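Quick caveat, the model's predicted, so the values are computed rather than measured. Note on naming: letters A, B, ... go to the chains in the order of the sequence lines (proteins, then strands), and numbering restarts at 1 for each one.
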2 protein chains.
Amino acid sequence: MTPAPFRPDVLISEVGPRDGLQSVQATMPTPHKFAWIDALHDAGLREIEVCSFVPARLLPQMADAAEVVAHALTKPGWTVMALAPNLRGAQAAMAAGVHKVTLPVSASEAHSLANVRKTTAQMVDEVRAVVALRNNTAPGVHIEVGISTAFGCTLQGEVPEDGVVRLAAALAACGVDEIGLSDTTGMANPAQVRRLFQRVFAEIGERTGAAHMHNTRGLGLANCLAAFDVGVRTFDSSLGGLGGCPYAPGASGNVVTEDLVFMFEAMGVRTGVDITRLIAAREPLRAGLPGEPIYGMTPEAGLPHGWSQHV
Amino acid sequence: MTPAPFRPDVLISEVGPRDGLQSVQATMPTPHKFAWIDALHDAGLREIEVCSFVPARLLPQMADAAEVVAHALTKPGWTVMALAPNLRGAQAAMAAGVHKVTLPVSASEAHSLANVRKTTAQMVDEVRAVVALRNNTAPGVHIEVGISTAFGCTLQGEVPEDGVVRLAAALAACGVDEIGLSDTTGMANPAQVRRLFQRVFAEIGERTGAAHMHNTRGLGLANCLAAFDVGVRTFDSSLGGLGGCPYAPGASGNVVTEDLVFMFEAMGVRTGVDITRLIAAREPLRAGLPGEPIYGMTPEAGLPHGWSQHV
């Protein structure tokens, strides 16, 4: 009898090649991106955000987006995702052949205007147009929205929870497949994470998507744990903690994939990711971005004495 | 009508002056210790581990232990605690006038021998003698044991949970007031923290004491959250993350008090600690240990936009 296929308990969605690379000044050369993406695939990651489709004059780091997608698509068994800030970007992403498009919609008007020069309502309209495009031209593509600044905003301060829940409902009504919550500015706390995800689950059920947490004040893993506790099963993170948001002052530090995988695997929650290979994937990152600081407590401390992982 | 006295929801037990200072090479001069302890009191901390009573030839950093206790006792409204590795140390601590003596008892035999040159069973006997001494000579003194390497050991590897629970029960039977669990080597994970504290609560109830977590692999706050979730209400931490254990290779990084207080206060869990003053207490630490690296994400990132705390 064939053994049942391995099904991880949680999905680690690696955002480094997009979120990380667009946050640093240097541009990683395309062949280095390929090598890094290959190493991430080898480590067992099964979802990856490889680029964003934005004008190259705004983000020269992403000028090779279509090439990068094409390369990632040569690897089997994973979901290749790109970020698009608008309809035009989504069109380019679908044309490049991505499996999944992710759009950022800010719950904070101030952040929305700073990030994409549109109000939140205008972004919902944009998302609706992207869903229509998908339905007409690429029905197999998955549409995800990450609600930015869902837990607070450095520009606006508090972000009312009712507004986040209403926004999630509006996006679900647009036909978005998956709606996650992003702590863009590193302001979330575990109590809030549990409360808000529970409310979103109650509102949109199965369409509730990823927790995208930052480690700005050291709470990244605690917030991921809190999200896991209330049923979240997809987690965004970035190898070496690369990334943040250039338009949210003070925001820094995506959750470190290595530490996140270590936490879950140590808990007996299977990620499907081989942590030794994951740590090895820091090498092509370093090679492609010489001198850029990369983070991670687990790679620095090493795996515990007697550690064994059955991937 | 007089308002009800403020009661924090959790007790933050600052261990920096003991655990931190004994882990660094340099010796903080006594007047600097006084200034640092004063700043910690000003910040609203209500329990502090100020020193350990050990021979000065072993830990010259602690040669002024009795003076430090005497100084800390001049401050009102907090519990002054000292570590003692044995009966002789406990005697000296009580003679110095501490409110509370804490003894480390390792669940790992290998760590116990390396740390105090006694087996675990010999340490339980030592604790029994300390309780008898307390009963006869200083009945008001509180006796705490922190079970070291409760979650794993770098020397021995896995530490069986049954053994930890049995050890907690044996210590409770000795008359110890409070028995906590220490992740001496930074190997704990949140699932294990919940499971083990729940088992210890089931075994010894109200005598269950502090969670002493390390941030070796970045899981310090997640582990504190996990402990809080199952009812732990006392948390050890160290300002600036100073400390570790010199006898457990690879162990480093106490949980950072600043980040721990930030997490709880952001969650609406009251610590009684004023985080702005707490961050200010890093200055006397720096002044007393020039050049020593100190950590903390919250002090680096700053408090969030719009943060307000009602201490």
Side-chain angles (χ1 to χ4, degrees), chain A residues 110 151-159 185-195 214-226 228-229 241 248-253 255-256 258-260 262-269 295-308, chain B residues 110 151-159 185-195 214-226 228-229 241 248-253 255-256 258-260 262-269 295-308:
Chain A
F151 300 96
C153 174
T154 46
L155 301 167
Q156 165 179 317
E158 206 184 326
V159 173
T185 58
M187 291 166 79
N189 70 71
Q192 182 188 23
V193 168
R194 286 179 181 149
R195 195 169 58 233
H214 279 207
N215 202 35
T216 315
R217 292 178 182 84
L219 273 61
L221 291 186
N223 285 332
C224 288
L225 177 67
F228 177 79
D229 287 340
S252 67
V255 164
V256 173
E258 300 89 311
D259 292 340
L260 182 65
F262 173 74
M263 179 175 81
F264 281 131
E265 290 289 337
M267 289 172 70
V269 174
Y295 305 98
M297 303 288 284
T298 304
E300 272 174 43
L303 292 167
H305 183 97
W307 171 266
S308 69
Chain B
F151 301 95
C153 174
T154 45
L155 300 168
Q156 167 179 317
E158 206 184 328
V159 173
T185 57
M187 291 166 80
N189 70 72
Q192 182 189 22
V193 168
R194 287 180 181 147
R195 196 169 57 232
H214 279 205
N215 202 33
T216 315
R217 292 178 182 86
L219 274 59
L221 291 186
N223 285 332
C224 288
L225 176 67
F228 178 79
D229 288 340
S252 68
V255 164
V256 173
E258 300 90 311
D259 292 340
L260 181 66
F262 174 74
M263 179 176 81
F264 281 131
E265 290 289 336
M267 290 172 69
V269 174
Y295 305 96
M297 303 287 284
T298 304
E300 273 174 42
L303 293 167
H305 182 97
W307 172 265
S308 69

* Asked: To the nearest 0.5 Å, how far apart are OG1 in B:Thr216 and CE in A:Met297?
  -> 7.0 Å

* **Contact class of A:Gln156 relative to chain B, heavy atoms under 4.5 angstrom** => backbone

* Asked: Relative to chain B, which segment of A:Leu303 carries a heavy atom at a distance below 4.5 Å: side chain, backbone, both, or neither?
  -> backbone

* **Largest heavy-atom contact set with chain A, pairs under 4.5 Å, which of B:Ala191, B:Gly218, B:Pro304** => B:Pro304

* Got a second to check how far B:Arg194's CZ is from A:Leu225's CG, nearest 0.5 Å? -> 4.5 Å

* Which portion of A:Cys153 sits near chain B, non-hydrogen atoms under 4.5 angstrom -> backbone

* **Closest heavy-atom pair and its distance - A:Gly302, B:Arg217** => O-NE, 2.6 Å

* **Side chain, backbone, both or neither of A:Met187 within contact of chain B (heavy atoms, under 4.5 Å)** => side chain

* Among B:Thr298, B:Val256, B:Val269, B:Leu260, residue most engaged with chain A (heavy-atom pairs, under 4.5 Å) -> B:Thr298

* To do: Among B:Leu219, B:Asn223, B:Leu221, find the residue that satisfies the side chain to side chain contact (heavy atoms under 4.5 Å, CB included) test when tested with A:Leu221.
  => B:Leu219

